[in-house]
Amino acid sequence: MRHPDALRERQGIPGMTQAYLRTTDAAKYLGIGQSTLERKRIDGSGPTFRQLGSRMVAYAISDLDAWASQRVLNSTSERAAA
């Protein structure tokens with residue numbers, strides 16, 4: 001899944017090479033709940049994030065893709081690395 005160019009345009013930065021998502025949108029992009037992503041951020045098992053302000057967290061699309069790619073399994077008896 002790739003991030004649509006529409007969001008890059010909506011953010012007002014034409015030609016931007018790196019797109020960022022806030023927690024709610026990052027969770028939707030990954031197909032997990034927002035609270036799950038927040039828990040993973042707290043315990044260190046989630047994707048790399050940026051703290052852009054005292055209360056603003058953002059995730060790079062490339063970091064979300066890399067984190068999801070590390071969780072490829074061949075059977076349900078395997079366990080993804082934390």
Side-chain angles (χ1 to χ4, degrees):
M1 177 176 179
R2 290 284 167 223
H3 192 264
D5 289 333
L7 181 57
R8 289 183 182 141
E9 292 172 8
R10 191 176 81 209
Q11 291 172 334
I13 306 173
M16 183 172 72
T17 58
Q18 182 69 59
Y20 292 90
L21 298 176
R22 300 282 303 266
T23 302
T24 302
D25 293 326
K28 288 178 187 174
Y29 182 84
L30 293 169
I32 62 175
Q34 180 178 341
S35 62
T36 300
L37 184 56
E38 290 168 345
R39 246 188 339 271
K40 290 183 175 302
R41 184 171 65 231
I42 290 168
D43 70 20
S45 67
T48 303
F49 64 94
R50 275 87 172 151
Q51 184 84 39
L52 302 178
S54 62
R55 300 178 75 191
M56 184 179 172
V57 172
Y59 294 87
I61 299 289
S62 59
D63 291 337
L64 297 174
D65 290 339
W67 180 79
S69 294
Q70 294 172 358
R71 276 136 189 83
V72 176
L73 305 174
N74 292 316
S75 79
T76 56
S77 62
E78 290 181 63
R79 188 169 177 156

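Between Tyr59 and Thr48, the shortest heavy-atom distance links the atoms CD2-O, 3.4 Å. For Leu64 against Ala26, the heavy-atom pair with the smallest separation is CD1-CB, 3.9 Å. Of all non-hydrogen atoms in Val72 and Ser69, the two that sit nearest each other are CG2-O, 3.2 Å.
Inspection of the Tyr20 and Asp25 side chains reveals no N or O donor paired with an N or O acceptor under 3.5 Å.
Annotation: side chain to side chain contact (heavy atoms under 4.5 Å, CB included) contacts of Ser75 (sequence neighbours excluded): Ser77, Glu78. Considering only residues two or more places apart in sequence or on other chains, Glu38 meets the side chain to side chain donor-acceptor pair (under 3.5 Å) condition with Gln34.
Taking the side chain as every heavy atom from C-beta outward, Pro47 and Leu37 approach each other to under 4.5 Å.
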Inset, instruction - Would you check, one step at a time, whether the test side-chain contact (heavy atoms from CB on, under 4.5 Å) holds for Asp63 with Arg50? - result: CA-CA 10 Å; Asp63 291 337; Arg50 275 87 172 151; 2.2 Å; yes
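A cation-pi arrangement is found for Arg41 relative to Phe49, the charged atom lying closer than 6.0 Å to the ring centre and inside a 45° cone about the ring normal.
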